[in-house]
Amino acid sequence: MSETDAVRADGGRVRDEGYDDFLDALESGEGYYLECPEGHGWLPPRRVCPECGGTDLEETALPETGAIETHTTVHVAAPSFADDAPYVTAVADFDGVRLTGVVRGIDPENVEVGTEVSAEVDETETAGERVLVLHAE
Ligand SMILES: [Zn+2]
């Protein structure tokens with residue numbers, strides 16, 4: 001599963017064990033990522049490090065804040081996100097770990113590279129589905 005698929009948490013999506021467990025943890029304020037022995041960090045959680053093939057991945061606390069690296073404003077959304085548009089999806093860097101989510105707490109036109117965000121779990125306006133939110137401080 002790519003990170004892009006993960007953020008598209010629409011009604012047709014089946015529960016993904018790794019990703020939903022991660023959202024559960026994040027929701028209770030215990031966000032984490034997995035780090036391999038080589039220090040590569042990964043989200044959503046996976047079993048094998050795609051960088052070095054390491055399988056001994058350890059849960060590591062997710063840093064409180066990250067910084068937006070790339071962002072895209074979505075004006076025309078899929079039906080399950082229709083009432084959320086326009087919205088911004090972004091990739092934020094949390095100390096080397098990248099997280100993809102929907103940006104909230106800021107006007108879409110004010111989102112820029114470097115904007116500081118924290119990771120939260122919220123619901124989409126449209127379908128009430130859980131979604132990873134990058135909340136601007
Ligand atoms: Zn690795």
Side-chain angles (χ1 to χ4, degrees):
M1 184 178 70
S2 75
E3 285 165 66
T4 314
D5 292 331
V7 76
R8 209 177 294 132
D10 62 30
R13 195 183 66 106
V14 291
R15 180 179 170 94
D16 176 274
E17 285 307 323
Y19 191 67
D20 283 298
D21 287 351
F22 167 71
L23 288 184
D24 288 345
L26 190 60
E27 213 164 14
S28 43
E30 291 165 1
Y32 63 89
Y33 66 94
L34 294 185
E35 191 176 68
C36 81
E38 305 284 317
H40 306 126
W42 297 102
L43 272 176
R46 57 196 78 196
R47 289 188 180 81
V48 180
C49 175
E51 191 82 21
C52 67
T55 52
D56 191 14
L57 307 186
E58 254 184 60
E59 285 190 15
T60 308
L62 186 72
E64 296 276 305
T65 58
I68 287 180
E69 275 193 341
T70 63
H71 55 91
T72 308
T73 302
V74 179
H75 293 282
V76 180
S80 59
F81 267 85
D83 295 344
D84 295 79
Y87 62 92
V88 180
T89 61
V91 176
D93 175 58
F94 286 75
D95 247 358
V97 178
R98 285 179 182 80
L99 214 50
T100 305
V102 175
V103 180
R104 290 195 180 154
I106 185 171
D107 286 336
E109 62 265 30
N110 291 337
V111 176
E112 51 189 34
V113 173
T115 297
E116 194 170 280
V117 291
S118 58
E120 296 171 3
V121 180
D122 207 339
E123 294 182 345
T124 63
E125 305 267 341
T126 313
E129 292 287 330
R130 287 205 302 180
V131 65
L132 198 154
V133 169
L134 297 168
H135 203 272
E137 299 302 300

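Computed from heavy atoms alone, side chains included, the values below leave out hydrogens, waters and symmetry copies.
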Side chains of [X] and [Y]: closer than 4.5 Å at any heavy-atom pair?
| X | Y | result |
| --- | --- | --- |
| V103 | H71 | no |
| L99 | L62 | yes |
| L132 | T100 | no |
| D84 | R104 | yes |
| F22 | L34 | no |

* **CD/E58: more than 12 non-hydrogen atoms of other groups inside 6.0 Å** => no

* If you draw a 6.0 Å radius around CG in D95, do more than 12 non-hydrogen atoms from other residues or ligands fall strictly inside? -> no

* Of the options E35, E38, H40, which is the one that meets C49 in a side-chain contact (heavy atoms from CB on, under 4.5 Å)? -> H40

* salt_bridge(E27, R130) N-O dist < 4.0 Å -> yes

Closest approach of [X] to [Y] (non-hydrogen atoms, all atoms of both residues):
| X | Y | answer |
| --- | --- | --- |
| W42 | P50 | CE2-CD, 3.3 Å |
| L23 | V121 | O-CG2, 3.5 Å |
| Y32 | A25 | CE2-CB, 3.4 Å |
| A67 | G114 | CB-O, 4.1 Å |
| P63 | Y33 | CD-CE2, 4.0 Å |
| P86 | P108 | O-CG, 4.4 Å |

How far does [atom1] of [X] sit from [atom2] of [Y], to the nearest 0.5 angstrom?
| X | Y | atom1 | atom2 | result |
| --- | --- | --- | --- | --- |
| L134 | D122 | CG | CG | 11.5 Å |
| T55 | R47 | OG1 | CZ | 11.5 Å |
| E51 | C36 | CD | SG | 8.0 Å |
| T70 | D93 | OG1 | CG | 10.5 Å |

* Is a side-chain donor or acceptor of T126 paired with a backbone partner of D83 at a separation under 3.5 angstrom? -> yes

* To do: Mind checking side chain to side chain donor-acceptor pair (under 3.5 Å) for E123 and listing every partner two or more places apart, or none if nothing turns up?
  => none

* Asked: Which residue pairs satisfy the ring pair (Phe, Tyr, Trp, His ring centres under 6.0 Å) criterion with at least one member in residues 99-137, sequence neighbours excluded?
  -> none

* To do: Run the numbers on F81 and Y87 for ring pair (Phe, Tyr, Trp, His ring centres under 6.0 Å), then give the verdict.
  => CA-CA 9 Å; F81 267 85; Y87 62 92; 5.3 Å; yes

